[in-house]
There are 2 protein chains.
Amino acid sequence: MSKVINIKSVKLSCSQCSLSTLCLPRGLNPEEFEKVASIVQRERPLQRGELLFEIGQPFKSLFAVQSGSIKTLLQTRNGEEQIVGFHMPGELLGFDALGHEEHTCSAIALETSSICELPYHKLNELAHQVPGLSNHFMHLMSNEIADEHGMMLMLGKKSAEERIASFLLSLSVRYSKRGFSPNQFNLTMSRHDIANYLGLAVETISRCISHMQDEGILAADRKYINILDMPRLRTVAGLAERPCTMLEEKVE
Amino acid sequence: MSKVINIKSVKLSCSQCSLSTLCLPRGLNPEEFEKVASIVQRERPLQRGELLFEIGQPFKSLFAVQSGSIKTLLQTRNGEEQIVGFHMPGELLGFDALGHEEHTCSAIALETSSICELPYHKLNELAHQVPGLSNHFMHLMSNEIADEHGMMLMLGKKSAEERIASFLLSLSVRYSKRGFSPNQFNLTMSRHDIANYLGLAVETISRCISHMQDEGILAADRKYINILDMPRLRTVAGLAERPCTMLEEKVE
DNA sequence: CGGCCTATTGACGCTACTCAACATGAGTGG
DNA sequence: CCACTCATGTTGAGTAGCGTCAATAGGCCG
């Protein structure tokens, strides 16, 4: 939206990238920083729908989203799919593959996306020279585990509307951390993707979003989301400390 | 069941523990092995229902189950709980806390359990001396992430019966890896815990298990499970390669 | 033996899915 | 430029699966 990116700037090094505080450890000295930055590879950007890696491929690298967004998904032999994550700039992908030597999920671009590749064997070499590097990745993995516990809570206990509200809040927080508005943003994924991720039907997504519009909590026009009443959205998401009475306001 | 453990054997070192191949890296030389083993602490066994750690407590150690079993769970301010894992001997706990400096879930003993404590700051010191140690833990974390993706698939896409069948299969595989029968075992958790973990109601667990008994797939008597027809259990779990027709056998 | 907790079974209802029709926007070719 | 198609999203009607409520049975412990 606010930045024009030309082809050359894709070759941006980590030192010019505002997201390096998310991908790389804090507190590296310039020399260490440059060591890590030097192993990062960048290919041409992925187009919408293109595969970054596929389930079963040998694991060679971790990937960081520099711009755009990526979904990761499982596929079963029945042809079912389950989206297990949406990844936005500054976030790393591929941790699930590290223990298996091969990818356990596929990664697909949701829009045109620039990706940084971090070859794992080089990371391993650097780990001996740059103290705190393995720790940094262990922290990221730990956060991913904790986040997925949160998803299990969503899928196991929350209602459709709670899931959607929580999902929008999660996006809001993540956009906000990247310097974008927490209230207005464009979804990069389809309703189908959201439904799949949240364990719901597409129609349920539409209906709940319409309902929250009627309630004045948000305004939505296809991909565009405008959160009008953040506190109530938090209440619907089940994050309020007070007992959840708002949905019964009109009853009786 | 098959082993009598007296009080002194609780002081068992890693070198005598048959599970050390699960907790600790393979391929350590005896010297390295002893270094790692020397930092492992063991307290008195936990009794059923006792807390190993609680959500919000500062993170100091990883824990390994030596005997017994542990459940980990999230708690929300609404008083909801979501069990996020069951841990059996040889499995490690606490990876979710590593990135937060504090525990993001609570751990409770399902039965009398012996636990090994691995102080994190000592592990970190050893990481410099024992190559492959951080890698080992990253592998374990990676596996946990991949497993949780599988749980998201369960909770997002599978029916009640598929979830229960998958759950029993998962236990079967894990018991089997530990030298126990894959067909007969005792559940260490209650129906309530299973229901919570799988995002179902207790009654649904009972009904599905009864139904699978009627179908001759398994025999169950409270905690005791006897899997009579493993292939069909796999089919019900949705793991069969052939289209899933078995549930329609009797229809029309 | 009595009380309590866990598990099972049945009846009923609600949430969210399925099926279907329709609307809207994007992309394509004449 | 418009007409056409296709993909995506919205809305409605009917329904199935699973949750809730309730009653009962069985095991465990004092």
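In what follows, chains are A, B, ... by sequence order, proteins preceding strands, each numbered from 1. Note that the structure is a prediction, hence the values are computed from the model and not measured.
Using a 4.0 Å heavy-atom criterion, one finds that A/Ser190 contacts the sugar-phosphate atoms exclusively. Counting any heavy atom pair closer than 4.0 Å across all strands shown, A/Arg191 reaches sugar-phosphate atoms only and no base atom.
Listed in residue order, the members of residues 164-171 of chain A having a heavy atom less than 4.0 Å from DNA chain C come to none.
If you run side-chain contact (heavy atoms from CB on, under 4.5 Å) between B/Leu218 and each of B/Val236, B/Ile209, B/Asn226, only B/Ile209 comes through. Each of B/Lys177, B/Lys71, B/Arg178 was scored for a salt bridge (charged side-chain N to carboxylate O under 4.0 Å, His left out) with B/Glu91, with one residue passing: B/Arg178.
Distance CD (B/Gln213) to C1' (C/dT8): 11 Å, rounded to an integer number of Å. Separating the CD1 atom of B/Ile209 from the P atom of C/dT6 is a distance of 16 Å, rounded to the nearest angstrom. The distance between atom CZ of A/Arg222 and atom P of C/dT24, rounded to the nearest whole Å, is 10 Å. When rounded to the nearest whole Å, the span between CD1 of B/Ile205 and P of C/dT6 equals 15 Å. Note: CG (B/Asp193) to P (C/dC5) measures 16 Å, nearest angstrom. For B/Asn196 and C/dT6, the CG to P distance is 14 Å, given to the nearest whole Å. The distance from atom NE2 of B/His211 to atom P of C/dT9 is 12 Å, rounded to the nearest whole Å.
Aromatic ring centres of B/Tyr197 and B/Phe86: separated by under 6.0 Å.
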message = The test is side chain to side chain contact (heavy atoms under 4.5 Å, CB included); show your working for A/Ile225 and A/Gln184 and say whether it passes.
response = CA-CA 6 Å; A/Ile225 299 287; A/Gln184 297 178 51; over 6 Å; no
Candidate pair B/His87 and B/Thr72, rule side-chain hydrogen bond (donor to acceptor under 3.5 Å, both in side chains), full reasoning = CA-CA 8 Å; B/His87 306 269; B/Thr72 46; 3.0 Å; yes
task = Decide yes or no on side chain to side chain contact (heavy atoms under 4.5 Å, CB included) for B/Gln66 and B/Ile115, but give the supporting numbers first.
result = CA-CA 5 Å; B/Gln66 186 180 76; B/Ile115 306 295; over 6 Å; no
Check against salt bridge (charged side-chain N to carboxylate O under 4.0 Å, His left out), A/Glu215 and A/Arg232 = CA-CA 10 Å; A/Glu215 294 279 322; A/Arg232 280 179 75 199; 2.9 Å; yes
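Within the 4.5 Å cutoff, the side chain of B/Arg174 has no heavy atoms near those of the B/Ser172 side chain.
With hydrogens and angles ignored, the 3.5 Å screen pairs no side-chain donor or acceptor of B/Thr104 with any backbone N or O of B/Ala97. Under the 3.5 Å distance criterion, the side-chain polar atoms of A/Ser170 are left unmatched by any main-chain donor or acceptor of A/Ser166.
Dashed line: the shortest gap from a side-chain N or O of B/Lys223 to OP1 or OP2 of C/dT6 is not under 4.0 Å.
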Give each protein N/O atom lying under 3.5 Å from an N/O atom of nucleotides 15-19 of chain C, with the pair distance.
| residue | atom | partner | partner atom | Å |
| --- | --- | --- | --- | --- |
| C/dA16 | OP1 | A/Ala160 | N | 2.8 |
| C/dC17 | OP1 | A/Gly199 | O | 3.4 |
| C/dC17 | OP1 | A/Ala201 | N | 3.3 |
| C/dC17 | OP2 | A/Ala201 | N | 3.1 |
| C/dC17 | OP2 | A/Thr204 | OG1 | 2.3 |
| C/dT18 | O4 | A/Arg207 | NH2 | 3.1 |
| C/dC19 | N4 | A/Glu203 | OE2 | 2.9 |

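Using the six-membered ring where Trp is involved, A/His103 and A/Phe53 have ring planes that are parallel, under 30° apart on the 30 and 60° scheme.
For DNA chain D, the span of nucleotides reached by chain A at under 4.0 Å from its heavy atoms goes, 5' to 3', from D/dT8 to D/dA13.
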